[in-house]
Visitor: 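Let me begin by handing over the structure; questions about it come next.
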Amino acid sequence: MEIITKVFSSHSSDRGNLTAIEGENEIAFPIKRVYYLYGLSHDLRRGFHAHKRLEQYLICIYGSCSVLLDDGKERASVKLDRPNVGLYVGPGIWHEMFEFSKDAVLLVLASDRYSEEDYIRDYCSFLDYVQGA
Ligand code: T46
């Protein structure tokens, strides 16, 4: 499975750092939705689903967390602990987020508005979906 991470460039000076991300520029898709997770617990996992069409970049803009990616054949985990690094999660990838630091803020840039129809929340249904059953 190909893991796609992107380092976004920062405008850094003695005043600090500024990272800007434009849809269809720094990332390929237009950004239609931004959401973020915070107040998270180290012991809890979130996610446990895949999307049918949605494309997303996950950026841990504060603290750290890990993300498990599963394409139905392989699994890999990626630690996110830099505010200028995004992890691409495309359609058909089961993902789980875990090992959140207490202060973690996970920002997500999404290619579309929220639609529960786009979720596959059952792992067996996910395997059927990616295996074309
Ligand atoms: C994803 C990972 C990275 C909304 O009403 N609007 C929204 O835009 C979102 C994202 C969620 N919700 C509602 C749906 C649920 O009732 O918020 C509740 C919690 O969502 P969920 O349990 O899906 O949260 P996570 O952390 O498991 O997953 C989220 C995103 O839903 C998902 O698309 O890829 O973060």
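Counting starts at 1 for both ligands and their atoms, following the listed order.
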Visitor: Against Y36, only a single residue in L107, L109, L106 fulfils side chain to side chain contact (heavy atoms under 4.5 Å, CB included); can you say which?
Guide: L107
Visitor: Any side-chain donor-acceptor pair under 3.5 Å between N17 and S12?
Guide: yes
Visitor: Could you tell me whether K52 and D118 have a side-chain N and a carboxylate O separated by less than 4.0 Å?
Guide: no
Visitor: Examine distances only and state if a side-chain atom of S101 and a backbone atom of S64 form a donor-acceptor pair shorter than 3.5 Å.
Guide: yes
Visitor: In this structure, is the centre-to-centre distance between the rings of H49 and Y119 below 6.0 Å?
Guide: yes
Visitor: Does any donor atom in the side chain of D70 or Y123 lie under 3.5 Å from an acceptor atom in the other side chain?
Guide: yes
Visitor: Considering only heavy atoms, which protein residues lie less than 4.0 Å from any atom of ligand 1?
Guide: R33, Y35, L37, R46, G47, H49, H51, Q56, H95, M97, Y114, Y119, R121
